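Down below is the structure, laid out as structure tokens.
Computed from a predicted model, the values in this text were never measured in an experiment.
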Amino acid sequence: MAKNISQSNVKKHMVCFSYAAYPKILINHLKSTDIPIERGLSHAELASIEATFSFTFPPDLRYILQEGLPVGPGFPNWRASSAQQLNVILNLPALGIFKQVSEGSLWCLSWGPRPGRRGVNAGLEKVKALLRKAPVLVPVYRNCYIPCEPNLAGNPVFYIDSESTRVLSFDVTGFFREFGMAHAPAWAPKEARMVEFWSDVATRGETRGWWSGKLGGGCLDEVCWRLREGGWKEEEVREMMMMDGCGGEMESGNQVIGWRREEDMGWRVGLLSLVLLRGGWTREDVVYSLGLHDQNEMIFWANH
């Protein structure tokens with residue numbers, strides 16, 4: 001009997017929704033979770049929004065919004081919000097990118113040579129030009145956006161803020177699984193589609209240094225700038241700064257240093273000090289760039 005019940009449950013969970021039926025099933029589910037849903041957007045409303053903001057809704061998001069308009073906290077209200085409010089939401093991804101570029105925490109190899117610190121303005125102008133050609137990111141919920149191009153169903157959903165950009169789900173159905181839609185339709189993509197500009201940014205965000213978002217991140221971003229200005233190639237900078245080792249080891253002179261816990265910020269600063277010293281930096285430069293108080297502190301961390 002237990003075996004039959006188990007098989008029955010499996011079959012129930014394996015139900016696959018057709019492409020046409022999915023929006024109705026999703027909207028009904030969101031209603032059941034007490035998310036306010038208004039009547040769907042009409043063809044005229046969709047056309048007006050697209051003309052006003054110069055983008056086209058991707059088909060899968062369009063069909064959902066035609067079936068019903070979620071207006072709970074975090075969802076963009078395409079009907080009641082003012083053009084100014086919607087413009088702010090639409091511009092947030094670009095502002096996040098500009099902040100990361102200006103702080104030196106983001107630069108993609110596909111953008112060309114990275115400018116030095118004195119070339120921040122030139123770097124921002126380069127990124128602005130690339131953004132003008134990039135697909136518009138259409139807000140889905142809070143910091144979650146879907147690109148309008150290619151104008152096909154199945155574009156990935158990106159999470160973007162002032163600190164990072166990453167692929168959150170392979171498509172909009174994957175995103176709504178966070179709201180309790182536990183099983184993807186059979187036609188849901190199995191990997192993220194490549195999207196001009198944004199896929200590069202997301203890939204770069206996934207390989208940020210171990211210091212990202214942690215105390216001391218600012219001074220270590222400074223180290224990246226100084227390495228590049230000193231003539232180090234981007235690959236060399238990344239190799240030195242992406243010390244992610246888990247169970248690995250690094251040789252320093254005759255001493256083999258084993259990797260420690262990633263949370264051990266002090267130990268990593270000491271290891272980076274050794275790398276920079278071996279790369280030709282003076283002790284004074286290392287102390288200054290890593291924000292240490294004096295050479296004794298550098299020696300202390302290097303020996304612990």
Answer yes or no: is there a side-chain heavy-atom contact under 4.5 Å between Phe75 and Leu69? no

Below 4.5 Å, heavy atoms only, C-beta onward: do Ile64 and Val172 meet side chain to side chain? yes

Could you check if a side-chain atom of Asn87 sits within less than 4.5 angstrom of a side-chain atom of Phe53, using non-hydrogen atoms only? yes

Indicate yes or no for a side-chain donor-acceptor contact from Ser105 to the backbone of Gln100 under 3.5 Å, with no hydrogens or angles considered. yes

Rounded to the nearest 0.5 Å, how far does CG of Asp171 lie from CZ of Phe176? 10.5 Å

Minimum side-chain heavy-atom gap Glu38-Arg79 below 4.5 Å: yes

Can you tell me how far apart CZ (Arg166) and OG (Ser164) are? Round to the nearest 0.5 Å. 5.5 Å

Under the 3.5 angstrom rule, does the side chain of Ser169 hit a backbone N or O of Phe175 as a donor-acceptor pair? yes

Between Val201 and Cys108, is any pair of side-chain heavy atoms under 4.5 Å apart? yes

Side-chain heavy atoms of Trp111 within contact of Leu106, under 4.5 Å: yes

Do Lys24 and His29 have side chains that get closer than 4.5 Å, going by heavy atoms? no

Should Arg39 and Glu67 count as an ion pair when the cut-off is N to O under 4.0 Å? no

pair Phe158-Ser199: side-chain heavy atoms closer than 4.5 Å: yes

Which pairs would a plain distance check flag for residues 126-154, meaning a side-chain donor or acceptor within less than 3.5 Å of a matching protein atom at least two apart in sequence or in another chain?
residue	atom	partner	partner atom	Å
Asn143	ND2	Ile160	O	3.0
Tyr145	OH	Ile89	O	2.7
Asn151	ND2	Phe57	O	3.2

Counting only heavy atoms not in Lys99 (residues, nucleotides, ligands), do more than 12 fall under 6.0 Å from its NZ? yes

One should read off an interatomic distance between Phe197 CZ and Ile97 CD1, to the nearest 0.5 angstrom, of 5.0 Å

